[in-house]
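Step one of this worksheet: look at the structure below.
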Amino acid sequence: MAARFPSTIAAWRQALEAKPRHNLPSLLANLASAIDRCNPGLNCYIDWDGGEVQKALGGIDPEPRPGAGPLEGVPIGIKDVLNVKDQPCHCASRILEGYISPYDATVVARLRRAGAIPLGRLNMDEFAMGSTNENSAYGPVRNPWNKDHVAGGSSGGAAAAVAAGVAVAALGTDTGGSIRQPAAFCGCVGLKPSYGRVSRYGLTAFASSLDQVGPVTRTVADAATLLQCIAGRDPLDTTSLDVPVPDYTAALGSELGGLKLGLPAEYFADGVDPEVTRAVRAAIDECRRLGAEIIEVQLPHTRYAVATYYIIATAEASANLARFDGVRYGARVAGQDPLDSYQRTRATYFGPEVKRRIILGTYVLSSGYHDAYYLRAQKVRTLIRQDFERVFDQCDALLTPVAPTTAYRLGERIDDPLQMYLGDIFTVTANLAGICGLSVPCGFSTTGLPIGLQILGPALREATILQIGHAYEQATNWSAQHPPHGREAIQS
Amino acid sequence: MNAPVTYKVSIGLETHVQLRTRSKIWCTCPNRFGRPPNTDVCPVCLGYPGTMPVLNAAAVKQTVCAGLLLGCTINYRSKFDRKSYFYPDMPKNYQISQYDQPLCTGGAVTIEVDDQPRTIRIQRIHLEEDVAKNVHFADVSGVDFNRAGTPLMEIVSEPDIESADEAFAYLQALKQMLVYGGITDGNLEEGNIRCDINCSVRPVGQQELGTKTEIKNMNTFKGVHRSLTYEIQRQIDVLQAGGRITQETRRWDDERGVTSAMRSKEYAHDYRYFPEPDLVPVVLEESPLETWRAALPEMPAQRRARFVADLGLPPYDAEVLVADKAVADFFEAALAAGAAPKPASNWVMTELLRALGEKEWTLAEARITPENLARLLQLLEEGQINTPAAKTIFSACFEQGGDPVAIMQAKGLSQVSDEGALTAWVDAAIAAHPKSVADYQGGKPAALQFLMGQVMRASRGKANPPKVLAALKAKLDA
Ligand SMILES: [Zn+2]
């Protein structure tokens, strides 16, 4: 089924360059009315009031110069955790009520430089803590394929909006799978770049040693385009790497000949939904058909990954979130003295999952527990990183499921945080090891929920996983599917 | 001595020194003092969501140079850590500091108390960020974030200091070296140097240190001395009365002159240190380090030695001149402008230091330049002015500035050496005071001084004294 609306970066740019040319205000107005119609059901944008387009148009040329920048005139949805000058940045938390950002995140500045229009605040789990988007102070995001199911998290708003065609593309963030898992749950493409590939300046930190900004798109080619615009050294983030950015689009082709792809045994063990296994196995067969050699590999420390991740991530989060005290910005509850005010403010405005993680992180860093938890987790992290170094000596990339299941039903796991955390098993490892990972659609369950294939590559080898994802995508038609609660189905 | 002979005192100081960099440690905000509240701030130093620190290389260089000056081992690899605690002066509610891998370790400061040289070992020097300043009004409190993010170097001494006097001497010596090194302005009024004190006493003969108390946030050297004098005696009194010292943090009340225990809630923190993930480790290369080492400025001790050996100054002069780097710099600049060492030293030590003391000025506030002083000394040397006139010109230069020659001419202070004028004044004095003439000629040399005074008075100070003396003697001895 051919799309009626420009739902990719490529299509949007074609629409702007076609003769007779569409004009940007009308394209944006159409998109805005699609959001108006879809958002009440999906809740992918926070505080959407339709005025965003007018505001966005205020600062840009309504007659974009085609070819001026790779994203000239293209609206890009922004996850609510990234700072955009003069816009709120709630991080889906009540504690940042009233905060207006005084600056652009580096990725946002780079989007603007490429001609893009940052549009809207995409819903997420509060402070990016969650795997279902049910931890948002602004309500859960619903899955455009089935509104009784979650969109995944924490970039649930980004994935749902892109899948539903109400965002041409989006920037999400991934700390333990927060781009790849919602992309898999919603049937779109999500890329977590290698640690240091993209600047974190302006990304409200959850876990600084794990966070990365990355594209959520409808196609792999769009992910390559977006990464091309945001990647590279940023003097404002000294952990960003001073390594040349290759031409990601040039690497895209249709063949996989000469590539060796590994299947880590630990990612195909018991506990994975058989429908997910079946779809991923079929995708592996497709890659083999495209010329790749498939080998079995081992990542023996995988079973410690979830525990390691939740120690390191919460430890860093406990410090990162300490600044939300109501003194300089955001919501505040008065108290008898500053500390009393802090306690009341944080008790009132942080949600339960955020509190749980701050308490956990404070605990694992406390004197007497620091060595047993935090220090040990750092050692295991090194072992996990070494696992990957070893397998990447044997193969170019790994193929795995993104998540053990398809999207949960709303409320299904919200009261069982441990089960929820275990669902992150296949994604947290890439963050711990600092490598890159791509999620591409690879099928549907019998109930019609999307399934994602994860392609993991060595650090800074985004070109390789984009190449694999693109070839696979071209050979299949999963990305061309449109969900029943998206723009194509709803807008006439 | 501060302590009775039966007790030995051990004091360790943690000295926080604000570095003299152009910008703050993590952002490009200016590093300066005295601006209206919350004007030298940005999203980074206010701890806004999403901001990240970028380490100021000049702060690293200055800390390393301080380490080189104090003879520390420089660690080629060091890192930053987060130190967590909630307080309104902390924008992020954690301070970025260095926990287990500081920039410098080891080193020492040599002090002299009662002519006894002593070596105080340095444990470590690390780099961190200064916090904001809480300001309290009648019914509200405010926070001024201008200071937040000022590069702060913490110098931790071993507990080698044994008296309040030694603590004072240690701080003086440290300040002098750091000011000489161009590392800090050393301005205590602006909070450039602050320190925390650890202090314990133990009976002589006991090996292990006694239980220590901590006195936090001292910002004058005098305060350190006074609080230690009090605290040492308090601890001894407790022990002598059979009591035990409680390990605690105490607050110094400068008005009452006592220390008192703080509530444990105010200081009992679990800082939960962990490596700062927003900064990469600091890796120093050998070659820039060598360049820095080679460019280290002269230290006070070297300068004193040079003043004695090369300029022939008495050790006392050298000591006085070198004590304040600005004064010693002024002195050397005057020499460079042509002044001779000893006269310049005399004038700097007497006239300049006295005038600064009277006005309570720093040298920067005085208008006189080293070139002015050199010119003034030249006029004196050439006999164009006499000493009283020179002092008058000095005062004018000091307060208003200006060329000494121009001032001399404007004030008519040029010395009279003209034979005719001198003869007239001498003759008049002899004629008016026959008794003094008789006294002198009768063997009382003091009478000559009286006559000399009369001539100087008649000339209103302008007569050239050696010439007057010669003329008087010529007339009276004839
Ligand atoms: Zn700043």
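Keep in mind it's a predicted model, so treat the numbers as computed, not measured.
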* side chain to side chain donor-acceptor pair (under 3.5 Å) evaluation trace for B:Asn38 with A:Arg328 -> CA-CA 11 Å; B:Asn38 297 312; A:Arg328 284 143 295 128; over 6 Å; no
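- Of the atoms belonging to A:Ala207, not a single heavy atom falls under 4.5 Å from chain B.
- Using a 4.5 Å cut-off between heavy atoms, A:Asn320 touches chain B through backbone and side chain atoms alike.
- Of the two parts of A:Tyr201, the backbone and the side chain both hold a non-hydrogen atom closer than 4.5 Å to a non-hydrogen atom of chain B.
- Enclosure of atom NZ in B:Lys212 is not indicated, since only 12 or fewer non-hydrogen atoms of other residues, nucleotides or ligands lie within 6.0 angstrom.
- In A:Lys355, the NZ atom is crowded: over 12 heavy atoms of neighbouring residues, nucleotides or ligands sit closer than 6.0 Å.
- Contact annotation for A:Thr362: both backbone and side-chain heavy atoms come within less than 4.5 Å of a heavy atom of chain B.
- Only the side chain of B:Phe145 comes within contact range of chain A, with heavy atoms under 4.5 Å apart.
- Within 6.0 Å of CD in A:Gln336 there are 12 or fewer heavy atoms belonging to other residues, nucleotides or ligands.
- For A:Ala105, no part sits under 4.5 Å from any heavy atom of chain B, backbone or side chain.
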* In sequence, state the C-alpha distance, the side-chain angles, and the governing distance for A:Arg323 and B:Tyr94, and then conclude on side chain to side chain donor-acceptor pair (under 3.5 Å). => CA-CA 8 Å; A:Arg323 68 188 64 198; B:Tyr94 60 81; 3.0 Å; yes
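- For chain B, the nearby part of A:Tyr195 is the side chain; its heavy atoms alone come within less than 4.5 Å.
- Using a distance-only test at 3.5 Å, with no hydrogens or angles considered, no donor-acceptor pair links the side chain of B:Asp270 to the main chain of A:Ser366.
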* Applying side chain to side chain contact (heavy atoms under 4.5 Å, CB included), run through A:His370 and B:Arg272 and close with a yes or a no. => CA-CA 8 Å; A:His370 179 278; B:Arg272 306 192 304 279; over 6 Å; no
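- Per-residue counts of heavy-atom pairs under 4.5 Å with chain A were compared for B:Pro49, B:Pro277, B:Cys42, B:Cys27; the largest is that of B:Pro49.
- Using a distance-only test at 3.5 Å, with no hydrogens or angles considered, a donor-acceptor pair links the side chain of A:Tyr103 to the main chain of B:Thr51.
- The closest side-chain heavy-atom distance from A:Tyr342 to B:Asn93 is below 4.5 Å.
- Contacts of B:Pro91 with chain A are made by both backbone and side-chain atoms, with heavy-atom separations under 4.5 Å.
- Around atom CZ of A:Arg385, more than 12 heavy atoms belonging to other residues, nucleotides or ligands sit under 6.0 Å away.
- In this view, A:Asp340 and A:Arg344 satisfy the salt bridge (Lys or Arg N to Asp or Glu O under 4.0 Å) rule, not counting sequence neighbours.
- For the atom pair B:Glu276 CD and A:Thr239 OG1, the distance stands at 10.0 Å (nearest 0.5 Å).
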* Carefully, step by step, assess B:Arg82 and A:Ser208 under the rule side chain to side chain contact (heavy atoms under 4.5 Å, CB included). => CA-CA 12 Å; B:Arg82 291 186 182 177; A:Ser208 312; 3.6 Å; yes
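- One finds the OG atom of A:Ser318 at 6.0 Å from the CZ atom of B:Phe274 (value rounded to the nearest 0.5 Å).
- Interface residue A:Asn83: only side-chain heavy atoms are found under 4.5 Å from chain B.
- For residues 91-101 of chain A, a heavy-atom distance under 4.5 Å to chain B picks out A:Leu96, A:Tyr99, given by residue number.
- Distance check: B:Phe86 CZ to A:Leu339 CG gives 8.5 Å after rounding to the nearest 0.5 Å.
- Remark: A:Thr238 OG1 to B:Leu55 CG distance equals 8.0 Å, nearest 0.5 Å.
- At most 12 heavy atoms of other shown residues, nucleotides or ligands fall within 6.0 angstrom of atom OH in A:Tyr369.
- Most heavy-atom pairs under 4.5 Å with chain B: of the set A:Gly330, A:Ser341, A:Ala319, this distinction falls to A:Ala319.
- Of the listed residues A:Ser367, A:Pro338, A:Ser209, the one with more heavy-atom pairs under 4.5 angstrom with chain B than any other is A:Ser367.
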